[in-house]
Amino acid sequence: MPNKKLFYITFQSFPSISANSIQSMKMIKYFNKAGYQVELIHPGRKSLEENISISEYYKIPDEVNINEIKWFLNFDQFRYFKSIFYVLSHFLWTMKVMRTYINNSPDTKNALFFTRSNWALYFLAKRNYKVIFELHKLSKTTSFVFKKIKNNQNVGYVVLNKFLLKDSNLNKTQQINLEILPNSFDEEDFTNYPPRRRNPNSFIFIGRLTRYGEDRNIQFLVEAFNSVRLKNYTLTIIGGPFSEYRKLYQYVEENKINNVKILNHIPQNKIAEVISEFEAGILINSSDSDSTKLYTSPLKYFEYLAAGLAVLAVDFESHKILPFANKISFFKENDYASFEKAVKNIAIIPKPNADELKNFSYSNRISSIDKLFARLEGFEPPTL
């Protein structure tokens with residue numbers, strides 16, 4: 001499979017602090033390391049104010065060709081029916097990509113495709129290109145596309161967990177070329193920093209302070225650590241966007257919560273060094289949607305483990321089926337007594353060893369996708 005041309009097509013924002021954008025760039029990095037000739041195709045959407053290139057922000061190798069194909073319709077300019085305009089904008093952009101670039105590029109005849117775009121999946125599948133689609137959340141558009149390509153043998157699927165697979169309505173034929181692969185950690189990020197002394201009784205949450213524009217229940221963490229019973233423990237929250245960071249920072253300052261520190265988001269390549277100072281990392285979210293309760297596979301979870309942290313998590317079903325879930329200290333959502341007990345149990349929670357963690361590196365994830373591409377090309381028997 002090495003030395004094969006691979007197009008990574010996505011409608012995501014770059015640069016961005018979102019875990020989904022970071023995950024895509026890590027995948028591109030490790031496709032490149034595995035020997036693929038990678039070309040990223042994206043629409044030029046941006047969510048950072050800094051004037052910084054994609055390559056610089058994510059430390060993408062120079063060999064990766066980054067191709068920005070501008071989008072027609074900026075759905076963010078519409079005040080109403082934004083979700084409808086998003087679908088339309090995405091559809092028109094994908095048609096442009098196919099007509100003006102993919103169908104005319106000499107590299108596409110024998111190339112492989114990897115995408116998180118449901119419309120790219122549809123057009124690529126219909127034109128009989130070999131394509132793998134990575135599914136992170138469900139939508140009516142994605143369900144529509146799945147039905148339209150239900151008999152295509154040139155398509156592979158990657159899903160994050162069994163709940164996402166169950167609710168995706170992928171049929172038995174489609175599931176022949178499917179892998180359930182949770183998120184991963186970048187092994188290079190966690191080998192190139194000096195060991196740090198851990199601060200006792202120290203906890204960290206790192207990540208976006210909102211998810212898809214919705215609250216992540218971070219305020220609960222602040223109030224919990226502000227209690228008398230947790231006065232000997234510290235919490236550091238690192239995340240953006242800047243407006244949310246500033247709001248939370250001001251709240252902590254105004255209420256003189258001395259054992260809670262709020263920091264703005266940090267570059268991805270600094271995360272390993274920063275989080276290694278802490279004793280435990282926290283997974284929390286609001287239960288307002290199935291995406292958080294059932295379908296998530298948090299990138300930061302694997303980063304916490306790779307940095308040697310214990311993990312504290314709200315007891316959503318998606319968290320209960322994570323690898324090494326038996327080594328997580330769980331608490332009930334919005335239950336202060338349960339949370340305090342979980343915090344104090346951290347000291348006795350075991351951690352996975354380095355050999356166990358290797359199975360969840362990006363290198364290992366790409367290796368599984370190599371085999372899935374091989375099945376699509378007829379070089380490996382299908383999974384039955």
Side-chain angles (χ1 to χ4, degrees), residues 5-16 18-28 31 36 38-47 54 58 64-76 82-103 105 107-108 111-150 152 154-160 164 168-170 174 177-179 181 183 212 291 295 369 372-373 376:
K5 178 70 178 184
L6 183 139
F7 291 91
Y8 195 111
I9 303 177
T10 182
F11 195 60
Q12 293 169 276
S13 299
F14 302 118
S16 170
S18 76
N20 280 327
S21 297
I22 292 167
Q23 193 261 10
S24 284
M25 286 300 173
K26 294 294 187 184
M27 291 290 289
I28 287 168
F31 273 128
Y36 288 89
V38 185
E39 180 165 349
L40 167 66
I41 299 176
H42 72 104
R45 295 170 56 202
K46 298 177 181 178
S47 63
I54 291 174
Y58 295 105
V64 174
N65 184 14
I66 299 176
N67 190 348
E68 180 180 313
I69 298 181
K70 289 290 186 181
W71 48 330
F72 291 109
L73 182 65
N74 183 350
F75 60 89
D76 287 326
K82 188 173 290 189
S83 60
I84 294 173
F85 283 109
Y86 170 85
V87 173
L88 178 60
S89 178
H90 186 179
F91 176 82
L92 292 173
W93 176 79
T94 311
M95 283 189 64
K96 179 182 179 183
V97 168
M98 295 300 298
R99 288 180 176 178
T100 65
Y101 189 75
I102 296 299
N103 291 342
S105 172
D107 292 331
T108 57
L112 301 173
F113 292 82
F114 194 92
T115 187
R116 290 177 54 155
S117 159
N118 44 34
W119 286 123
L121 169 65
Y122 174 79
F123 288 117
L124 291 165
K126 288 299 185 181
R127 285 160 175 76
N128 210 36
Y129 292 120
K130 293 178 178 64
V131 54
I132 292 177
F133 176 71
E134 179 158 358
L135 178 65
H136 282 239
K137 64 176 184 174
L138 302 177
S139 70
K140 291 180 181 178
T141 304
T142 301
S143 296
F144 168 81
V145 170
F146 285 170
K147 289 178 182 178
K148 290 296 182 181
I149 62 170
K150 63 183 179 181
N152 285 68
N154 57 314
V155 181
Y157 301 88
V158 171
V159 300
L160 292 178
L164 194 53
S168 68
N169 294 318
L170 289 166
Q174 291 168 308
N177 291 322
L178 179 143
E179 293 288 338
L181 299 176
N183 266 321
Y212 304 128
S291 288
Y295 306 145
I369 292 170
L372 184 50
F373 272 130
L376 296 181

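- Put simply, CD1 on I69 and OH on Y101 are 6.5 Å apart, with the number rounded to the nearest 0.5 Å.
- One distance of note links CE of M25 with OH of Y8; it measures 8.5 Å at 0.5 Å rounding.
- To the nearest 0.5 Å, atoms CG (L112) and CZ (F373) are separated by 5.0 Å.
- You'll find the side chain of I9 stays beyond 4.5 Å of the side chain of V131, heavy atoms only.
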Would T108 and N103 satisfy side chain to side chain contact (heavy atoms under 4.5 Å, CB included), going step by step from the backbone distance to the final call? CA-CA 7 Å; T108 57; N103 291 342; over 6 Å; no
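- In this structure, Q12 contributes its side chain and S24 its backbone to no donor-acceptor pair below 3.5 Å.
- In terms of heavy-atom proximity, H136 sits nearest to Y295 at O-CB, 4.2 Å.
- For the atom pair L170 CG and K150 NZ, the distance stands at 12.5 Å (nearest 0.5 Å).
- Counting all heavy atoms, side chain and backbone alike, I41 lies closest to W93 at O-CH2, 4.0 Å.
- Residue L135 comes nearest to L164 through the heavy atom pair O-CD2, 3.1 Å, listed as atom of the first residue, atom of the second, then distance.
- Looking at F91 and Y122, their side chains never come closer than 4.5 Å, going by heavy atoms from C-beta outward.
- Panel note: side chain W71, backbone L92; no donor-acceptor pair is recorded below 3.5 Å.
- When all heavy atoms of Y58 and S13 are compared, the pair lying nearest together is OH-O, 4.5 Å.
- Looking only at side-chain heavy atoms (C-beta outward), V145 and F133 stay at 4.5 Å or farther from each other.
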Under the side chain to side chain contact (heavy atoms under 4.5 Å, CB included) criterion, do I66 and F14 qualify, and how do the steps go? CA-CA 11 Å; I66 299 176; F14 302 118; over 6 Å; no
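- Listed for the N154 side chain is no donor-acceptor partner under 3.5 Å among the backbone atoms of K130.
- Between L40 and T10 the shortest side-chain heavy-atom distance falls below 4.5 Å.
- Contact annotation: the side chain of I54 approaches that of P15 to within less than 4.5 Å [non-hydrogen atoms, C-beta and beyond].
- A distance of 8.0 Å separates CG of L138 from CG of N169, quoted to the nearest 0.5 Å.
- Listed by first and then second residue, the salt bridge (charged side-chain N to carboxylate O under 4.0 Å, His left out) pairs involving residues 115-128 amount to none (not counting sequence neighbours).
- In this structure, K5 satisfies the cation-pi test against F7, with its NZ or CZ atom closer than 6.0 Å to the six-membered ring centre and inside 45 degrees of the ring normal.
- No side-chain heavy atom of I28 sits under 4.5 Å from any side-chain heavy atom of Y36.
- One N or O on the side chain of T100 and one on the backbone of K96 form a donor-acceptor pair closer than 3.5 Å.
- You'll find the side chain of N118 stays beyond 4.5 Å of the side chain of F144, heavy atoms only.
- Scanning both residues, F114 and E134, for their nearest heavy atoms gives CZ-OE1, 3.2 Å.
- Closest approach of P43 and E68 over heavy atoms only: C-CG, 4.1 Å.
- The line from CZ of F113 to CG of L121 is 12.0 Å long, rounded to the nearest 0.5 Å.
- The shortest distance between side-chain heavy atoms of I149 and Q174 falls below 4.5 Å.
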Chi angles and distances behind the side-chain hydrogen bond (donor to acceptor under 3.5 Å, both in side chains) call for Q23, N183: CA-CA 8 Å; Q23 193 261 10; N183 266 321; 3.3 Å; yes
